[in-house]
Amino acid sequence: MSPKQPSRRRFLKNGAALAGLAVSATKGASPLVAEPSPDRVDDLHLYGERSRFVGSVRNGSIDNPERRLPNEPNAYGLKTPLQFSAGMITPASLHFVVSHGFEPPDIDPREHRLLIHGMVDRPLMFTVDELKRLPSVSRFHFIECRGNSSTAGPGGPSRVAKNATVQDTHGFTSCSQWTGVLLSLLLKEAGVQKGATWILAEGADPTKHSKSFPIAKALDDMLIAWDQNGEPVRPEQGFPLRLVVPGWQGINNVKWLRRIDVVDEPYMAMMETSRYPSIKPDGESRWFEFELGPKSVITRPAGGQHLPVAGFYEISGLAWSGAGAIRRVEVSIDGGRSWKDAELEGPVARKAHTRFKLPWTWKGEEAVLQSRCTDDQGAVQPSLAEMAKIRGLDVDFFKTPTVSVGDINAIQPWKVNRDGSIENALF
Amino acid sequence: MRFSRLMRSAVFLLVATAALAQTPSYPNVGRTPTKQEIQAWDISVGPDGKGLPTGHGSAREGVAIYAAKCASCHGPQGEGGKIGPRLVGTKEDLESLTTLKPVRTAGSYWPYATTIWDYINRAMPRNQGGTLAPDEVYALTAFILARSGVIQEGDVLDTKSLPKVQMPNRNGFVPQNFADIPDAKKRGCKQGVCP
């Protein structure tokens with residue numbers, strides 16, 4: 001086996017300079033646990049790798065330029081290969097990535113700082129190591145791009161194509177165990193002043209991505225994560241600090257977090273006022289749509305796969321909701337005429353992927369497999385027709401790839417043909 | 001408990017150069033940033049102009065800066081290029097919002113001129129965010145707005161006039177009232193969709 005190539009690293013050469021402005025001369029204390037030098041990570045005995053026979057990888061617009069956003073030519077998306085997923089955890093290497101036009105900055109965690117300021121009694125500046133000393137929580141949470149499973153945009157054609165895989169249709173979502181400090185703890189330490197109703201979070205990327213949040217969410221379950229699945233958050237996921245905003249659209253999960261400003265109004269930053277509002281047919285835009293709806297999809301057997309023989313198959317998939325926990329997943333094998341409750345793999349976590357499974361014996365017949373989830377608020381995942389109705393639109397509207405209509409969480413049908421081939425049956 | 005807390009605070013106030021702010025619950029975690037640090041880090045500009053630094057610029061001044069620093073990505077007239085999206089907006093762009101091919105340019109779709117200032121300042125030119133002087137950012141903001149027909153070529157934007165610019169799509173967003181935004185139930189948001 002060949003050792004990893006250090007040249008795989010693709011950071012901006014000047015990434016460290018972009019990481020933040022100079023801090024005052026007072027150094028932070030030395031860390032509790034010193035990070036070992038990374039000079040031995042290329043040794044596979046010391047930092048392991050998958051079998052050379054395993055090749056599942058992310059895919060996306062980085063090698064399919066036709067899927068790139070016309071408005072953001074340098075943005076790219078990488079989708080998780082959900083067809084190979086098991087359980088509820090996405091390995092960090094396969095966690096989806098959406099980059100809005102740049103490679104991850106190369107941040108030295110020893111120099112990185114988090115500033116909390118604004119309408120607070122005590123502004124605070126933290127080192128990463130200091131944040132790690134604070135009381136921590138470990139939470140399972142999915143992150144999902146708002147455009148995941150959307151029929152709109154340049155990714156639309158690959159999402160609706162008959163030969164789409166579940167990676168193509170739903171791959172902009174992943175789930176990890178995030179460990180970090182609750183933002184609410186930091187805000188309590190800083191002392192939020194009366195009249196503060198919003199916060200602004202800002203990242204240390206080349207665009208200094210910034211996003212406004214109602215203070216209630218900040219005091220609820222927002223998390224400043226420094227660990228993902230037992231390892232430091234990776235650069236492509238926001239090393240050394242990533243804001244995790246459970247259940248809310250992906251753009252909220254600010255990577256390379258450097259600053260929290262406590263304020264009294266939404267700051268109307270670029271992404272939240274221009275790219276992310278969804279446009280209604282009458283031309284009006286809805287801004288600040290935060291929470292993602294209930295969604296589920298069968299990951300196996302699914303599009304692009306092939307049933308080799310008539311016989312037993314466990315139907316398996318994932319369900320999740322921005323509102324809370326999944327309460328129920330139903331699966332239909334007869335095109336929606338009848339539904340059966342699938343088993344949920346426990347423990348079921350709130351605002352996290354939940355694995356569901358249903359035993360199935362395929363006798364060689366044509367079949368249409370689909371799943372439908374219900375969350376703990378009672379919201380039920382809609383079919384495409386139902387979703388169109390909720391939005392006051394015709395189903396055909398969703399065949400138009402150019403329009404942004406917000407989160408598309410429609411039930412995903414997979415058609416099994418007599419020869420065992422499986423295709424996308426959304427339309 | 002409160003007394004010992006007071007004692008601790010008093011002791012630390014006496015320690016001269018202590019940049020260590022004693023947080024009440026977690027001793028020796030984090031420090032108080034200096035005012036200069038906060039000022040240097042706090043680059044955000046709010047919709048009412050809060051945070052705008054002193055400075056000024058008009059489209060006339062913006063022409064040369066745009067040509068030198070922006071045109072290579074965004075096209076010579078702000079019409080967009082291979083790397084940068086279209087900046088200048090037209091009435092047709094505004095009207096396109098009701099069609100199946102809505103166009104969202106800074107000049108036609110963005111609700112706040114302050115957002116243009118804020119974004120150019122923090123993020124532009126590409127991979128060189130933070131290198132433009134405030135006057136340049138005012139001038140470039142004015143350039144985009146003037147070319148989009150929102151202001152006149154000679155109008156000077158500064159801390160007072162920039163927030164007052166009436167953007168063509170300012171009222172095109174719901175909910176209009178900021179106070180109505182956070183309450184999803186009140187708004188009627190369901191299953192990821194808001195009305």
Side-chain angles (χ1 to χ4, degrees), chain A residues 12 21 23-24 26 29 71-74 101-102 115 117 122-126 130 133-134 189 200 202 206-208 210 214 216 259 261 263 265-270 273-275 277 279 281-294 322 379 382 390-391 400 402-403 406-407 409, chain B residues 17 19 21 23-26 28-34 36-38 40-48 82-86 95 97-98 100-102 104 106 109-112 114-115 118-119 122-123 126-130 169 172-174 178-179 181-182 184 189-195:
Chain A
L12 289 175
L21 300 168
V23 297
S24 91
T26 312
N71 223 21
E72 295 189 59
N74 298 290
F102 47 85
L115 171 65
H117 73 110
R122 291 171 296 279
L124 292 165
M125 183 88 97
F126 295 98
E130 285 167 340
R133 286 165 48 202
L134 288 171
E189 284 314 286
L200 181 74
E202 179 184 86
T207 67
K208 296 231 171 24
S210 58
R259 184 167 73 92
D261 188 1
V263 293
E265 58 182 348
Y267 255 52
M268 300 298 176
M270 189 276 282
T273 58
S274 64
R275 302 270 156 80
I279 305 178
D282 65 5
E284 209 172 46
S285 297
R286 314 166 185 94
W287 56 13
F288 301 102
E289 291 179 296
F290 294 123
E291 192 176 278
L292 293 161
I390 291 171
R391 288 170 165 83
T400 318
T402 58
V403 189
D407 179 30
N409 60 336
Chain B
T17 53
T23 59
S25 315
Y26 310 107
N28 280 331
V29 179
R31 64 169 174 83
T32 305
T34 64
Q36 292 80 0
E37 284 176 312
I38 295 175
W41 282 52
D42 185 5
I43 57 173
S44 297
V45 174
D48 43 20
K82 275 208 166 68
I83 299 174
R86 184 137 75 85
E95 287 162 1
L97 298 180
T98 56
L100 292 176
K101 289 187 192 251
R104 312 188 197 207
Y109 181 81
W110 295 26
Y112 295 97
T114 45
T115 308
D118 176 271
Y119 189 72
R122 66 177 55 241
R126 183 165 180 256
N127 289 330
Q128 297 171 58
N169 196 34
F173 296 81
V174 289
F178 291 1
I181 295 174
C189 298
K190 269 189 289 209
Q191 307 187 168
V193 194
C194 294

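Any value given below was found using the heavy atoms of this structure, including those in side chains, with hydrogens, waters and symmetry copies removed. Within every chain, numbering begins at 1; the chains are lettered A, B, ... in the order of the sequence lines, protein sequences first and strands thereafter.
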If you define the side chain from C-beta out and look only at heavy atoms, does anything of B:R104 sit under 4.5 Å from A:S285? no
Can you measure from CZ (A:F290) to SG (B:C189) and round to the nearest 0.5 angstrom? 9.0 Å
Interchain contact, A:L134 with chain B, by part (heavy-atom threshold 4.5 Å): side chain
Parallel, tilted or perpendicular: which one describes the rings of B:F178 and A:W287, with boundaries at 30° and 60°? perpendicular
Under the criterion side chain to side chain contact (heavy atoms under 4.5 Å, CB included), I'd like the reasoning laid out for B:K190 against A:I390: C-alpha separation, chi angles, the key distance, then a yes or no. CA-CA 9 Å; B:K190 269 189 289 209; A:I390 291 171; over 6 Å; no
Quick one: CD1 on B:I181 to CD on A:E289, what's the gap to the nearest 0.5 Å? 11.5 Å
B:Y119-A:S274 side chain donor-acceptor pair, cut-off 3.5 Å: no
Determine whether A:M268 and B:F173 satisfy the following criterion, side chain to side chain contact (heavy atoms under 4.5 Å, CB included), listing intermediate values before the conclusion. CA-CA 12 Å; A:M268 300 298 176; B:F173 296 81; over 6 Å; no
State the OG1-CG distance between B:T32 and A:L124, to the nearest 0.5 angstrom. 6.5 Å
Considering only heavy atoms, which portion of A:D282 lies under 4.5 Å from any heavy atom of chain B: side chain, backbone, both, or neither? backbone
Which pair of non-hydrogen atoms, one from B:P33 and one from A:M125, has the smallest distance, and what is that distance? CD-N, 3.9 Å
Interface moiety of A:E291 toward chain B, non-hydrogen atoms closer than 4.5 Å: backbone
Output for pair (B:E37 CD, A:H117 NE2), nearest 0.5 Å, gives 11.5 Å
Among B:P182, B:P195, B:G84, B:C194, the residue with the most heavy-atom pairs under 4.5 Å to chain A is B:C194
Output, in order, the C-alpha distance, side-chain angles, deciding distance and verdict of side chain to side chain contact (heavy atoms under 4.5 Å, CB included) for A:E202 and B:I43. CA-CA 10 Å; A:E202 179 184 86; B:I43 57 173; 3.5 Å; yes
With sequence neighbours excluded, residues passing ring-ring contact (aromatic ring centres under 6.0 Å, His included) with A:Y267: none
Any donor-acceptor N or O pair under 3.5 Å, side chains A:R259, B:S44: yes
CZ/A:R275 to OH/B:Y109 distance, rounded to the nearest 0.5 angstrom? 11.0 Å
Top residue by heavy-atom pair count (under 4.5 Å) with chain B, among A:P266, A:G101, A:A216, A:A269? A:P266
What heavy-atom pair brings A:P206 and B:N127 nearest, and what distance separates the two atoms? CB-OD1, 3.5 Å
Nearest heavy atoms of A:I279 and B:L97, plus distance in Å: CG2-O, 3.5 Å
Is a donor on one side and an acceptor on the other found under 3.5 Å between the side chain of A:R133 and the backbone of B:Y26? no
